[in-house]
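See below for the structure under consideration.
The basis for the numbers below is simple: all heavy atoms, side chains too, and nothing from hydrogens, waters or symmetry mates.
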Amino acid sequence: GEVQAMLAMASFEGAQSVALLSGLRPSGETDLYGDTFSSWFPFYAPAFGFEENHIYVAAYPQVGDACREPLRELLAKNPDILFATPSVKSEIRCIAEEFQAYKTTHPDNTTQLLFGDRGYNENLLTQIRNGPESIEGITLGPDPTSGFEAAYRSRFSVANVPSYAANLYD
């Protein structure tokens, strides 16, 4: 899954420490999307060579700018890579803006921020991208040589294959 892809990428990049920031519902209940990451990230990380004392996980209530404090706490640990798994646009903006503000006031911090698949919103990222730090992410992608996209477009008479199509999961 995506957690394994995140950790494999971090390991391949030579990261020694990793962090995850995910959301909680305003009621304090876990957000199913965020919970998936916060449950599996610390479980899989050792299998990718990360020592337990170099694996950091934090969550924030999905209300207003509640992402800011947990994000600052993770950044203070200066992990090599911090993965963020926001669920909605307001969280993407909150995380991106706070990350850029923190990096401006802490120039020695070397953390790289990577959003999970829901963090990819081209229009929003274009608006935010003008900060001092680049914003990156990972998402599922189909094998371009499979022929699935052409077959799907032809079969359903659509210009684009939706993000939930089988080519990403099969």
Side-chain angles (χ1 to χ4, degrees), residues 1-13 15-103 109-129 131 133-142 162-165 168-169:
E2 190 172 352
V3 170
Q4 292 162 309
M6 290 172 162
L7 292 164
M9 189 204 79
S11 179
F12 179 78
E13 294 289 325
Q16 299 297 307
S17 58
V18 289
L20 173 76
L21 180 66
S22 62
L24 297 169
R25 292 185 185 153
S27 63
E29 298 171 17
T30 56
D31 170 69
L32 184 58
Y33 179 75
D35 189 47
T36 299
F37 289 95
S38 60
S39 294
W40 290 108
F41 190 85
F43 176 80
Y44 280 122
F48 286 89
F50 297 102
E51 297 178 18
E52 287 189 31
N53 60 340
H54 291 118
I55 302 165
Y56 312 107
V57 178
Y60 57 91
Q62 296 168 310
V63 177
D65 64 353
C67 78
R68 296 183 189 282
E69 187 58 33
L71 176 58
R72 284 191 295 262
E73 289 173 7
L74 287 175
L75 289 170
K77 298 175 187 303
N78 200 19
D80 294 323
I81 298 178
L82 188 153
F83 294 100
T85 57
S87 292
V88 295
K89 290 179 186 179
S90 61
E91 295 172 41
I92 299 168
R93 181 176 295 282
C94 178
I95 293 166
E97 289 175 351
E98 185 60 31
F99 177 75
Q100 291 179 348
Y102 188 93
K103 296 287 275 192
N109 183 282
T110 58
T111 301
Q112 178 183 5
L113 172 65
L114 291 169
F115 281 113
D117 62 342
R118 287 194 185 172
Y120 178 78
N121 180 303
E122 189 172 356
N123 293 334
L124 183 58
L125 292 179
T126 298
Q127 295 170 15
I128 298 171
R129 205 174 302 222
E133 294 293 323
S134 65
I135 298 170
E136 299 179 45
I138 65 169
T139 190
L140 297 170
S163 60
Y164 52 81
L168 298 178
Y169 306 101

On a heavy-atom basis, the closest approach of P70 and A59 is CG-O, 3.6 Å

Taken to the nearest 0.5 Å, the spacing of I55 CD1 from L20 CG works out to 11.0 Å

Mark yes or no for whether E2, through its side chain, and D117, through its backbone, hold a donor-acceptor pair below 3.5 Å. yes

Exercise for the section: Apply side chain to side chain contact (heavy atoms under 4.5 Å, CB included) to Y102 and L71, showing your working. Expected result: CA-CA 9 Å; Y102 188 93; L71 176 58; over 6 Å; no

Worksheet item: Is the side chain of D80 donor-acceptor paired with the backbone N or O of V18 at a distance under 3.5 Å, no angle test?
Response: no

Nearest heavy-atom approach of P79 to S17 is CA-OG, 3.2 Å

Between the CG atom in L21 and the CG atom in L82, the distance rounded to the nearest 0.5 Å is 6.0 Å

Output for pair (K77 NZ, T111 OG1), nearest 0.5 Å, gives 11.5 Å

Heavy-atom closest pair (P86 atom, I95 atom, distance to 0.1 Å) is CB-CD1, 4.0 Å

| query | Between E73 and Y56, do the side chains contain an N or O donor and an N or O acceptor separated by less than 3.5 Å? | reply | no

Tightest non-hydrogen contact, residues P42 and F37, listed as CD-O, 4.2 Å

Check against side chain to side chain contact (heavy atoms under 4.5 Å, CB included), E13 and L114:
CA-CA 13 Å; E13 294 289 325; L114 291 169; over 6 Å; no

- Task: Compare all side-chain heavy atoms of Y44 with those of M6 and state whether any distance is below 4.5 angstrom.
- Result: no

Practice prompt. For side chain to side chain contact (heavy atoms under 4.5 Å, CB included), just list the numbers for F83 and M9, CA-CA rounded to whole Å, side-chain angles, deciding distance to a tenth of an Å, and then say yes or no.
Written response: CA-CA 11 Å; F83 294 100; M9 189 204 79; 4.2 Å; yes

Next item on the list: Taking the side chain as every heavy atom from C-beta outward, state whether I92 and F115 have any pair of such atoms under 4.5 Å apart.
Entry: yes

Heavy atoms of F43 and S39 approach each other most closely as CB-O, 3.8 Å

Donor-acceptor pair, distance only, cut-off 3.5 Å: does the side chain of D65 make one with the backbone of C94?
no

- Item | Atom CD of Q16 with >12 non-hydrogen neighbours under 6.0 angstrom | no

When you look at L7 and Q4, which way does the side chain to side chain contact (heavy atoms under 4.5 Å, CB included) test go after all the steps?
CA-CA 5 Å; L7 292 164; Q4 292 162 309; 5.9 Å; no

All heavy atoms of T85 vs all of S22, minimum pair found to be OG1-CB, 3.2 Å

